[in-house]
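Worksheet for the structure shown next.
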Amino acid sequence: MSTEETIPQTLTRRSDFLRAARSRHVARPGFILQARKRTPDEADGVRIGYTCSKKVGNAVRRNRAKRRLRAVARDVLPGCGRDGWDYVLIGRPETTQNQPFDEMVDDLKTALEKIHGNGT
RNA sequence: GCGGGUGGCUGGAUGGCCGCGGGUGGCAACGCCCGAGGAAAGUCCGGACUCCAUGAAGCGACGGUGCCGGGUAACGCCCGGCCGGGGAAACCCGAGGGAAAGCGCCACAGAAAACAGACUACCGCCUUUCGGGGCGGCAAAGGUGAAAAGGUGCGGCAAGAGCGCACCGCGCCGCUGGCAACAGCGGUGGCACGGCAAGCCCCACCGGGAGCAAUGCCAAAUAGGGACCGCGCGGGGCGCAAGCCCCGGGGACGCUUCAGCCCCAGCAGGUCCGGGUUGGCAGCUUGAGCGCGCCGGUAACGGUGCGUCCAGAUGAAUGGUCAUCCAGGGGUGGCAACACCCCGGACAGAAUCCGGCUUACAGGCCACCCGCACAA
RNA sequence: GCGGGUAUGGUGAAAUGGUAUCACACGAGCCUUCCAAGCUCUUGGUGCGGGUUCGAUUCCCGCUACCCGCU
């Protein structure tokens, strides 16, 4: 577990998102978390991606949802993220923008614990 | 003060902590500067720019625009004016050329729907079995319709009718004003000419096509693979040859003419299928730019001086949180001023760049105009 | 980002500017011991807002929703 890697890489490739979607996922009111442990020959470090579909709203709402998800992940991931894992945060309509920030931080921590605990 | 109208501006502010994108200085640590909109939106018009089509002219086809004058790089936009319609007014709305170039359509109803005619009715004569019928005159009245051949009044007549006259309307001619659309005045014609061109069309003007995911370069990878279409085996001269020249034939999104280019057994052109790549750089932000002043113009706008650099991302940058203030809504107490508590910030996020149009938009502010009321 | 297309009953499709039609489905009835099939009848619609026209599904303009293509 390398917590020194404070800047997680951002997922950009569609295939990475599809692989994460086929792995395990946990739903919370403000977001849905998908996670996958990569095979050793893939990239190093913690990687994370963000997805907001048209269901979330117009462009302003989608961008704002992604910014809040980034802010939450930036607070939580350096302590709780595990090396060699891909995470994907999916925005949800209304709640991703309106839920209090502290609740979302707590939700992400428990969601990460649950997703790590199930596997390995 | 109340009601109405027009044009414009703004559309949260400041600070603390933790973060984001670009540029720049530095070996680095780190620092400095900049960082969404009036619509960034819809993609409805007009351009710049790039590639494709060989270029020019004319004709044709197709598409668009359409009162007049001006502005502009250009426009279907803007400004000013005219005409028509709405409103008491300020003001608002209008795809607003041509219906005597031609074709087409006008359902139902109605006698008749476009060019004349006549169902009921009216009038005269003849006739009658007294219900009416025949011939002629007439087009005012009735009813139908979205629309019925000028309207009103007087005269006139067998009954009537622009049949005659006055006014209004309409057409034509002339004069005056205006760059013009058009308006005003005078004369004249007894009325001839229904509507639809966002139906075909005619006239005038404009327009080649595709789009920054265009396009160019670098790197990587794969199988420079396959099918179809359209051309196409010419003659002579010089030269050892390569090649050059002349004649002829052919080619390129409709035709013609002219000029140029290319081809005349090529591995070249066009269309399509299949395979690989989903990386990087350029294009990429200084531009019909923005601000202020002066001059010209009724205005749109133009000219000029000074100042200024104002986002360039590519799973895509402005966020999270806290405090105070500024607006706003609700509740409680109070005659009121006010105090306290709660909620809470419109529409919306650049993606090559400009000029417009259209659509969305909580609230707030400013200026001008019209009407009414009041005071002086 | 750029470009293109579609919208008609619950579904799929027609309709020169003149009463919106057809099939299936839904509902009711007939037939049958019952079901299916068949027959008869009924309900229900031009995405929204304007304009042209006497009259608009159709013509024109603006919105909305959905679909497709382009590296």
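Values in this document were obtained by computation on a predicted structure and should not be read as measured data. Lettering of chains follows the sequences in order, A, B, ..., and the numbering in each one begins at 1.
Using a 4.5 Å cut-off on side-chain heavy atoms (C-beta onward), A:Leu108 and A:Leu89 make contact. Side-chain atoms of A:Lys109 and A:Val105, non-hydrogen and from C-beta on, do get closer than 4.5 Å to each other.
Both A:Ala71 and A:Asn58 lie near RNA chain B, and the one whose nearest nucleotide falls closer to the 5' end is A:Ala71. With RNA chain B read from its 5' end, the first of the two nearest nucleotides for A:Asp75 and A:Gln99 is the one closest to A:Asp75.
Here the straight-line distance linking atom SG of A:Cys80 with atom CD of A:Glu113 works out to 7.0 Å at 0.5 Å rounding. In this structure, the separation between CG on A:Asp86 and OG on A:Ser23 is 8.5 Å, given to the nearest 0.5 Å. A distance of 12.5 Å separates CZ in A:Arg47 from OH in A:Tyr87, rounded to the nearest 0.5 Å.
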Under 3.5 Å, which N/O atoms of the protein pair with N/O atoms of nucleotides 314-317 of chain B?
residue	atom	partner	partner atom	Å
B:rG315	O2'	A:Leu11	O	2.6
B:rG315	N7	A:Thr12	O	2.5
B:rG315	N2	A:Tyr50	O	3.1
B:rG315	N2	A:Thr51	OG1	2.9
B:rA316	OP2	A:Arg70	NH1	2.7
B:rA317	OP1	A:Arg70	NH2	3.1

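Every residue two or more places apart in sequence or in another chain was checked for a side-chain contact (heavy atoms from CB on, under 4.5 Å) with A:Asp106, and none qualifies. Residues passing the side-chain contact (heavy atoms from CB on, under 4.5 Å) test with A:Asn63 are A:Lys66, A:Arg67, sequence neighbours excluded.
C:rC54: glycosidic angle beyond 90° from 0, hence anti. Glycosidic conformation of B:rA36 is syn; the angle stays within 90° of 0. Glycosidic conformation at B:rG85 (O4'-C1'-N9-C4 for purines, O4'-C1'-N1-C2 for pyrimidines): anti, more than 90° from 0. Base orientation of B:rU120: anti, since the glycosidic angle falls outside 90° of 0. Glycosidic conformation, B:rG131: syn, with the torsion inside 90° of 0.
Under the 4.5 Å side-chain heavy-atom criterion for ILVMFWY residues, a single connected hydrophobic cluster contains both A:Val76 and A:Phe101. If you chain together hydrophobic residues whose side chains sit under 4.5 Å apart, A:Val72 and A:Val56 never meet in one group.
As the counterpart of B:rU65, B:rA204 is assigned, both hydrogen-bonding distances of the Watson-Crick or G-U wobble pattern falling under 3.5 Å. Nucleotide B:rC325: paired with B:rG12 (Watson-Crick or G-U wobble, both distances less than 3.5 Å). Taking a pair to require two hydrogen-bonding distances under 3.5 Å in either a Watson-Crick or a G-U wobble arrangement, B:rC233 remains unpaired. Of the nucleotides present, B:rG124 is the one that pairs with B:rC135 by Watson-Crick or G-U wobble criteria, both distances under 3.5 Å. In this structure, B:rC357 forms a base pair with B:rG42, meeting either the Watson-Crick or the G-U wobble geometry with both donor-acceptor distances under 3.5 Å. In this entry B:rG25 has B:rC30 as its Watson-Crick or G-U wobble partner, both defining distances falling under 3.5 Å. The pairing partner recorded for B:rA362 is none, the criterion being a Watson-Crick or G-U wobble arrangement whose two distances lie under 3.5 angstrom. Across all strands shown, B:rU54 is found opposite B:rA259 as a Watson-Crick or G-U wobble partner, with both distances under 3.5 Å.
Rounding to whole angstrom units, CD1 of residue A:Ile48 and P of B:rG19 are separated by 17 Å. Look at CZ on A:Arg68: it is 19 Å from P on B:rG19, rounded to the nearest Å. Residue A:Asp106 contributes atom CG, which lies 13 Å from atom P of B:rU321 at whole-angstrom precision. B:rG345 atom C1' lies 14 Å from atom CG of A:Asn98, rounded to whole Å.
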Note, RNA chain C 5' to 3' with Watson-Crick or G-U pairs under 3.5 Å encoded as ( ), [ ], | and . gives (((((((..((((....[..))))..((((.......)))).....(((((..]....)))))))))))).

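At least one donor-acceptor pair closer than 3.5 Å links the side chain of A:Asn58 to the backbone N or O of A:Arg61.
Across B:rU304 and B:rG21, the matching P atoms stand 45 Å from one another, rounded to whole Å. If you take atom C1' in B:rG226 and the same atom in B:rG275, they sit 11 Å apart, rounded to whole Å. When the P atom is used for both B:rG3 and B:rC326, the distance is 29 Å, rounded to whole Å. The same atom, P, is picked in B:rU65 and in B:rC75; the two are 15 Å apart, to the nearest Å. B:rC273 and B:rC263 have their P atoms separated by 30 Å, given to the nearest Å. For the P atoms, the distance from C:rG1 to B:rU352 is 9 Å, rounded to whole Å. Across B:rG236 and B:rU257, the matching C1' atoms stand 30 Å from one another, rounded to whole Å. B:rG64 and B:rC168 are spaced 44 Å apart, taking the C1' atom of each and rounding to whole Å.
The residue A:Asp102 sits apart from the nucleic acid: no heavy atom pair falls under 4.0 Å. Residue-level contact check: A:Arg61 touches neither bases nor backbone, having no heavy atom under 4.0 Å from any strand.
The other residues sharing a hydrophobic cluster with A:Leu11 are A:Phe17, A:Ile32, A:Val88, A:Ile90, where clustering joins ILVMFWY side chains under 4.5 Å apart.
Applying the side chain to side chain donor-acceptor pair (under 3.5 Å) rule to pairs touching residues 89-99 of chain A yields A:Gln99-A:Glu103, A:Gln99-A:Asp107, sequence neighbours excluded.
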